[in-house]
Amino acid sequence: MKPVTAKLNNTSKRVNIAHLIHLTRKMSEEEIDLESLEGVGSVTAQKLKDSGVRSVLDLAVRGPSEVAEITGWDLRKATDLCNTARIKLVEIGRLEKDFVSATDLYKKRQSVERITTGCKNLDDLLAGGIETQAITEFYGEFGSGKTQLCHTLCVTVQTPHDQGGLEANAVYIDTENTFRPERLVGIAEGRGLDPDTTLKGVTVGKAYNSAHQELIISELGEYIKSNRIKLVIVDSAVAHYRAEFLGRGTLAERQQRLNRMLHLLLRTAEAHSVAIVFTNQVQSTPDVFFGDPSKPTGGHVVGHTSTYRIYLRKAGKNRVARMVDSPYHPEREVLFVLNEKGVDDPPQETAGRKK
Ligand code: GTP
Ligand code: MG
């Protein structure tokens with residue numbers, strides 16, 4: 001009798017441990033079925049899946065107005081669904097609670113990763129590099145180095161951690177047809193890296209118009225998860241909107257669409273812990289009598305969504321980068337150059353930081 005009891009006890013212990021493991025293991029967002037959410041039937045779930053909303057995280061990233069459009073629901077019902085998705089994500093520890101202590105936020109900030117720009121001066125300006133979970137905007141006139149910087153970041157993000165990279169891949173959303181794979185090859189070679197490996201680490205999405213750009217961005221979540229993406233570039237973010245929405249009559253719609261696209265980018269950065277970098281052009285403001293009359297396009301909508309804004313301008317052979325807007329960086333300028341390495345520190349004689 002004794003051995004049987006012992007065996008039984010062992011089995012029940014095993015079952016209990018298995019049960020405990022099951023209970024304590026955190027579910028992933030994929031394991032929460034969309035149909036288990038209140039109000040979502042099989043037809044709605046299918047509509048959502050057809051539009052690329054496959055998980056509760058996708059629901060939270062897309063937001064109420066887009067969910068309303070996909071499902072045909074009114075905004076109130078869509079908002080309730082997105083809030084339910086958010087609550088589920090908080091429960092499984094995938095998103096933070098509505099009220100978080102500064103200590104917890106401080107801990108979370110420690111998990112922010114940084115991608116080197118490959119240029120010490122620019123890294124100093126950015127307090128270590130481009131941050132994940134944030135949007136960094138580079139704006140400036142033609143030839144100021146925006147596209148070169150984007151190409152460089154696609155190379156540096158792939159480098160090992162001890163060289164300032166994240167050993168991860170990049171997505172390059174190209175709206176102006178200025179992505180050049182041969183430039184990636186050149187920059188990789190200039191930095192002593194293998195060009196073939198570098199090319200494999202970059203995926204390009206060519207956006208032919210603003211609606212196409214929004215479609216590509218809305219599909220990013222799935223791609224980021226399955227391809228180890230840590231950097232998403234949009235070069236340039238506002239160009240299609242400027243070209244398509246002409247005249248004052250279309251301004252409200254343009255700003256609304258821009259706002260939605262940029263917020264989708266911001267939620268993607270936060271939910272998937274990736275760095276989002278976008279470029280922006282400048283326009284001249286004739287009413288400025290003193291100082292630089294150039295200002296970034298897209299108005300307040302763009303200014304308020306970017307976490308960090310950096311203004312690039314030409315200064316002879318050099319380029320100047322100025323931190324214009326940041327929650328914690330001081331406003332200051334540094335020098336950099338464009339060369340075979342992409343963006344780089346100036347040669348020794350012109351090096352040094354401007355105040
Ligand atoms: P727009 O997109 O027109 O608004 O400009 P941008 O800010 O994106 O400019 P971009 O980054 O394309 O910079 C173009 C400049 O980079 C050129 O004028 C060159 O000075 C420089 N450049 C591009 N390729 C090379 C290169 O291989 N070697 C060197 N030394 N400079 C380069
Ligand atoms: Mg460019």
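All figures in this text were calculated on a predicted structure; none of them were measured in a lab. In each ligand, atom 1 is the first atom listed, and ligand 1 is the first ligand listed.
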For residues Leu266 and Ile276, determine if any side-chain heavy atom of one lies less than 4.5 Å from a side-chain heavy atom of the other.
->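 Not touching, per the 4.5 Å side-chain cut-off.
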Arg322 and Arg332, any side-chain heavy atoms less than 4.5 Å apart =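 Of all side-chain heavy-atom pairs linking Arg322 with Arg332, none is under 4.5 Å.
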I'd like to know if [X] contacts ligand 1, where contact means a heavy-atom distance under 4.0 Å to any ligand atom.
{"X": "Gly140", "answer": "no"}
{"X": "Glu182", "answer": "no"}
{"X": "His151", "answer": "no"}
{"X": "Gly186", "answer": "no"}

Is the closest N or O pair between [X] and ligand 1 shorter than 3.5 Å?
{"X": "Gln281", "result": "no"}
{"X": "Thr147", "result": "yes"}
{"X": "Gly143", "result": "yes"}
{"X": "Leu338", "result": "yes"}

For the pair Tyr139 and Tyr311, name the ring-plane relationship: parallel under 30°, tilted 30 to 60°, perpendicular over 60°.
->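 Plane angle under 30°, so parallel.
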Atoms in ligand 1 with a heavy atom of Ser144 nearer than 4.0 Å =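 The atoms of ligand 1 under 4.0 Å from a heavy atom of Ser144 are 7 (O), 9 (O).
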With atoms numbered from 1 as shown, which atoms in ligand 1 lie under 4.0 angstrom from a non-hydrogen atom of Glu141?
->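 The atoms of ligand 1 under 4.0 Å from a heavy atom of Glu141 are 7 (O).
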Starting from [atom], locate the nearest protein heavy atom and write down its residue, its atom name and how far away it is, to 0.1 Å.
{"atom": "atom 4 (O) of ligand 1", "result": "Lys146 NZ, 2.8 Å"}
{"atom": "atom 32 (C) of ligand 1", "result": "Arg183 NH2, 4.4 Å"}
{"atom": "atom 20 (O) of ligand 1", "result": "Arg319 NH2, 3.7 Å"}
{"atom": "atom 3 (O) of ligand 1", "result": "Phe142 CB, 3.4 Å"}
{"atom": "atom 22 (N) of ligand 1", "result": "Gln148 CD, 4.2 Å"}

Without swapping roles, check the side chain of Arg94 against the backbone of Ala271 for a donor-acceptor pair under 3.5 Å.
->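 Yes, because the side chain of Arg94 sits within donor-acceptor range (under 3.5 Å) of the backbone of Ala271.
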Kindly indicate whether atom 17 (C) of ligand 1 is approached by any protein heavy atom to under 4.0 angstrom.
->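 No.
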Specify whether the nearest protein heavy atom to atom 25 (C) of ligand 1 is under 4.0 angstrom away.
->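 So atom 25 (C) of ligand 1 has protein heavy-atom neighbours under 4.0 Å.
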Side chain or backbone of Lys341 under 4.0 Å from ligand 1, or both, or neither, by non-hydrogen atoms?
->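 The answer is neither; Lys341 stays 4.0 Å or more away.
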Working to the nearest 0.5 Å, report the span between SG of Cys82 and NZ of Lys77.
->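 If I round to the nearest 0.5 Å, the distance is 13.0 Å.
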salt_bridge([X], [Y]) N-O dist < 4.0 Å:
{"X": "Asp58", "Y": "Arg62", "answer": "no"}
{"X": "Arg260", "Y": "Glu69", "answer": "yes"}
{"X": "Arg109", "Y": "Glu131", "answer": "yes"}
{"X": "Lys97", "Y": "Asp104", "answer": "no"}

Would you please test Tyr172 and His151 for ring pair (Phe, Tyr, Trp, His ring centres under 6.0 Å) and show each step?
-> CA-CA 9 Å; Tyr172 197 113; His151 280 68; 5.2 Å; yes
Short check: any N/O/S atom of Gln148 below 2.8 Å from the Mg ion (ligand 2)?
->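 Here the distance criterion (N, O or S atom, under 2.8 Å) is not met by Gln148, so no.
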In terms of side-chain heavy atoms, does Asn280 have a donor or acceptor partner in Ser236 at a distance below 3.5 Å?
->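 No.
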Minimum heavy-atom distance between Arg319 and Gly145, given as atom pair plus value |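 Arg319 and Gly145 have their closest heavy atoms at NE-N, 4.4 Å.
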